[in-house]
Asker: 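One structure is given below, represented as structure tokens, and several questions about it will come after.
Positions are given from 1 along the sequence. Atoms considered below: every heavy atom in the structure, side chains included; atoms not considered: hydrogens, waters and symmetry mates.
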Amino acid sequence: MTDLVIRDVDVVDGTGSPRYRADVLVDAGRIAEIVAPRSGVEATKTIEPGPGTVLAPGFIDMHAHSDLRLLTDPGHFAKISQGVTTEVLGQDGIAYAPIDDRALDVIRRQIAGWNGNPADLDFSWRTVAGYLDRLDHGITPNAAYLVPQGTLRLLAVGADKRPATPREIQHMQELLAQGLTEGAVGMSSGLTYTPGMYADTGELAALCEVVADFGGFYAPHTRSYGAGAIEAYAEMIELARTTGCALHLTHATMNFGVNRGRAPEFLAIVDEAIESGCDITLDTYPYLPGATTLSALLPSWAMSGGPDAALERFEDPALRERIAKDVNVHGSDGCHGVTVEWETIQLSGVANPELDSYVGKTVVEIAAERELSPVDVFFDLLRRDKLATTILQHVGHEENVRAIMLHPKHMGGSDAILVGERPHPRAWGTFPRYLGHYVRDVGLLGLEDCINHLTGRPAERLRLHDRGLIRPGYAADLVAFDPETITDTATFDNPKQQARGISHVLVNGVCAIENGAPTGNLAGRALRMNPSTKETR
């Protein structure tokens, strides 16, 4: 007698190997055995998903923005319903641990557009350990954490645009080492977001050396995905080369008109570095538009000093004109060195209910409606929404997305912002879209290969030696789906839609989705890297 048997399914085990038919036995949260189909093994609970069902390891989202949503909505239906059983948090260099009171106030406001700013949430943790412990109070998927480099800089240097002193760099190294000791799997950066973008290469190298010592990885949002994208990737690759730090290029894209068709150039420098001995991986989302905050388009100098300083600058006519020239004429570093194409900027969420009618419209459409210039609409929205506005940025290219997706070091990452009335559909559809659109409909990837992208490869990067594959002894993070019907139903007009074709999702051997419906079970937990063994469990 075992706890659970999943009968007569096509097992795609996460290695890329061909599927095979079997019964999978689960006991005490782990895969106990894999036996011949219809074996007759007795179990307390039996799942029979039906003919043609594929059983795969649970999907690992290498780039998630669920840091607060997991605490305010631990059922996390948007992600668990698409088969995600592990998420990597602390992304883009700005997150909530380690923290102090001053920095917490800045960060809560600065990234309210990513995570919301819930007034009733208890933010009493101050360390990475404290945040991970809070996750252990009850969440549906598992979660790993990256120490955010921008937050380290805010704690050690402040929000000003200036070089860090040697003592401040040492302080950041100490904070980083503490976070890694407490279980973080690496470090993230957001090098088009303040204050992390104020760090020079030497400062980043000093931090990457610490990450390398702990066996973690560095996950940078680079300095540009537009003008200068190749140079920005090259800077990160050189950091990996000189520090020996493993590098994970998160949401690896080549966007804006200047980069149409240039993905092979990017991949060539990645391949050259890998051949020379660098440990490099990357993730992408399977969509063309990106998503961020409207304030992210500001030039970095305009955000120096934090949100209040930025809002004050909007009231100074000379500074306002300087900002307008940066975004319209020169190319803002916050907008990847290109001028803002206002027709590509579509509002996806606002904090101020007075602005609700603008959600779903582009800045150009709002400007025409209000008989204002697009840049005046930009300033008005930032001011009235106190920098909390979220946007979609329609700047991607299909040929680049497909080329990068085919790379042998590629993994899946949703980069999903879950707040706002009309968030990017990747929040609900990333993983079904890979399997439905790019595997079944387009045929770009084979099913077994794609599952490897979404499970085995990211588990290896995270040093999850007992997850990401269907093997005896491994944690029973599993997803059952119909490869003929799995479909992302989330659209840009109606993004909060459950995918079709996923019948069951198990986290640590417990059903989180059963027959397509949530169970309410909170079996997930924080996954911590052990600095001694350099394994994450």
Side-chain angles (χ1 to χ4, degrees), residues 62-63 88 90-95 146-153 156-157 163-166 168-177 179-180 184-226 228-254 265-284 300 333 336-337 404 407 409-411 413 461-463 529 534:
M62 287 297 292
H63 190 103
V88 184
Q91 299 286 354
D92 291 331
I94 317 174
L146 296 165
V147 178
Q149 169 259 326
T151 302
L152 297 180
R153 198 173 213 276
V157 182
T165 67
E168 289 165 341
I169 292 173
Q170 182 182 349
H171 185 31
M172 285 186 273
Q173 289 176 311
E174 292 166 353
L175 290 170
L176 174 58
L180 294 166
V185 296
M187 180 181 76
S188 74
S189 281
L191 299 177
T192 65
Y193 301 124
T194 60
M197 68 190 298
Y198 300 148
D200 61 23
T201 305
E203 180 179 324
L204 296 175
L207 297 174
C208 283
E209 289 170 357
V210 176
V211 176
D213 287 343
F214 278 82
F217 65 92
Y218 178 40
H221 166 123
T222 69
R223 297 192 194 274
S224 176
Y225 296 96
I230 295 293
E231 293 79 5
Y233 283 123
E235 179 193 12
M236 298 299 102
I237 290 170
E238 187 60 21
L239 276 174
R241 196 188 313 274
T242 58
T243 66
C245 185
L247 177 67
H248 181 77
L249 297 169
T250 195
H251 48 51
T253 58
M254 295 286 289
E265 294 179 50
F266 158 56
L267 296 175
I269 67 170
V270 169
D271 289 339
E272 180 183 1
I274 292 172
E275 289 170 6
S276 71
C278 292
D279 180 1
I280 301 176
T281 53
L282 53 90
D283 70 62
T284 68
S300 60
D333 53 0
H336 307 277
I404 296 169
H407 194 271
K409 296 295 185 179
H410 170 267
M411 305 168 192
R461 167 50 78 210
L462 292 167
R463 296 180 181 265
M529 178 179 277
K534 295 183 170 52

Asker: To the closest 0.5 Å, what do you measure between CZ (F266) and OG1 (T253)?
Answerer: 8.5 Å
Asker: Might you point out which heavy atoms bring A205 and T243 nearest each other, and give the distance in Å?
Answerer: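 Smallest interatomic distance, heavy atoms only, reads O-CG2, 3.8 Å.
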Asker: Considering non-hydrogen atoms only, spot the tightest contact between P163 and E168 and give its length.
Answerer: O-OE1, 4.2 Å
Asker: Are side-chain heavy atoms of V88 and T250 found at a separation under 4.5 Å?
Answerer: no
Asker: Quick check: closest heavy atoms across L191 and G196, and the distance to 0.1 Å?
Answerer: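 In terms of heavy atoms, the two residues are closest at CD2-O, 3.5 Å.
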Asker: Any side-chain heavy atom of Y218 sitting closer than 4.5 Å to one from L146?
Answerer: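 They are not in side-chain contact.
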Asker: Salt bridge or not for R461 and D279, using N-O below 4.0 Å?
Answerer: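 Here R461 pairs with D279 in a salt bridge, since their nearest N and O are under 4.0 Å apart.
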Asker: Of the non-hydrogen atoms in A164 and E203, which two are nearest, and what is the gap between them?
Answerer: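 Residues A164 and E203, closest heavy atoms: CB-OE1, 3.4 Å.
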Asker: Would M236 and L204 count as a side chain to side chain contact (heavy atoms under 4.5 Å, CB included) here? Give the steps.
Answerer: CA-CA 9 Å; M236 298 299 102; L204 296 175; 4.2 Å; yes
Asker: Is any side-chain heavy atom of H251 closer than 4.5 Å to a side-chain heavy atom of Q91?
Answerer: no
Asker: Quick one: which of H63, H248, H410 gives a side-chain hydrogen bond (donor to acceptor under 3.5 Å, both in side chains) with D283?
Answerer: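 Result: among H63, H248, H410, H248 is the only option passing the side-chain hydrogen bond (donor to acceptor under 3.5 Å, both in side chains) with D283.
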Asker: Could you tell me whether the side chain of T222 and the main chain of Y233 form a donor-acceptor pair under 3.5 Å?
Answerer: no
Asker: I need the E238 CD to I269 CD1 distance, nearest 0.5 Å.
Answerer: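 Between atom CD of E238 and atom CD1 of I269 there are 10.5 Å.
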Asker: Within the supplied structure, the quantity of interest is the number of heavy atoms (other residues, nucleotides, ligands) at a distance under 6.0 Å from E174 CD; does it exceed 12?
Answerer: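 Count over threshold, so yes.
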Asker: Which pair of non-hydrogen atoms, one from G226 and one from S224, has the smallest distance, and what is that distance?
Answerer: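 Reported closest heavy-atom pair: N-OG, 3.0 Å.
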Asker: Got L249 and K409 here, is their nearest side-chain heavy-atom distance under 4.5 Å?
Answerer: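 A side-chain contact under 4.5 Å is absent here.
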Asker: With no hydrogens and no angle check, is any side-chain donor or acceptor of Q149 less than 3.5 Å from a backbone partner on M172?
Answerer: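 It does not hold such a pair.
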Asker: Is any side-chain heavy atom of L175 closer than 4.5 Å to one of H171?
Answerer: yes
Asker: Show your working on side chain to side chain contact (heavy atoms under 4.5 Å, CB included) between M187 and L207 and close with a plain yes or no.
Answerer: CA-CA 9 Å; M187 180 181 76; L207 297 174; 3.8 Å; yes
Asker: As a quick check of understanding, evaluate side chain to side chain contact (heavy atoms under 4.5 Å, CB included) for R223 and D333, giving each step before the final call.
Answerer: CA-CA 8 Å; R223 297 192 194 274; D333 53 0; over 6 Å; no
Asker: S188 side chain to G90 main-chain N or O, any donor-acceptor pair under 3.5 Å?
Answerer: yes
Asker: How are the rings of Y193 and H221 set relative to one another: parallel (under 30°), tilted (30 to 60°) or perpendicular (over 60°)?
Answerer: tilted
Asker: How far apart are the C-alpha atoms of Y198 and V157, what are their side-chain angles, what is the distance that settles it, and do they pass the side chain to side chain contact (heavy atoms under 4.5 Å, CB included) test?
Answerer: CA-CA 10 Å; Y198 300 148; V157 182; over 6 Å; no
Asker: Hey, what do you get for CD1 (I280) to SG (C245), rounding to the nearest 0.5 Å?
Answerer: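 I280 atom CD1 to C245 atom SG measures 11.0 Å (nearest 0.5 Å).
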Asker: I'd like to know if the side chain of Q173 reaches the main chain of V210, judged simply by a donor and an acceptor atom lying under 3.5 Å from each other, with no hydrogens or angles considered.
Answerer: no
Asker: Taking atom types as modelled, is there a side-chain donor on E235 or T201 under 3.5 Å from an acceptor on the other?
Answerer: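 Yes, T201 and E235 have a side-chain donor paired with an acceptor closer than 3.5 Å.
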Asker: Is the shortest heavy-atom distance from the side chain of L152 to the side chain of L176 under 4.5 Å?
Answerer: yes
Asker: So, does R241 use its side chain to make a donor-acceptor pair with the main chain of C278 at under 3.5 Å?
Answerer: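 Not confirmed, R241 side chain does not pair with C278 backbone.
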Asker: Identify the heavy atoms of T194 and S300 that sit nearest to each other, and give their distance.
Answerer: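 Of all heavy-atom pairs spanning T194 and S300, the closest is CG2-O, 3.9 Å.
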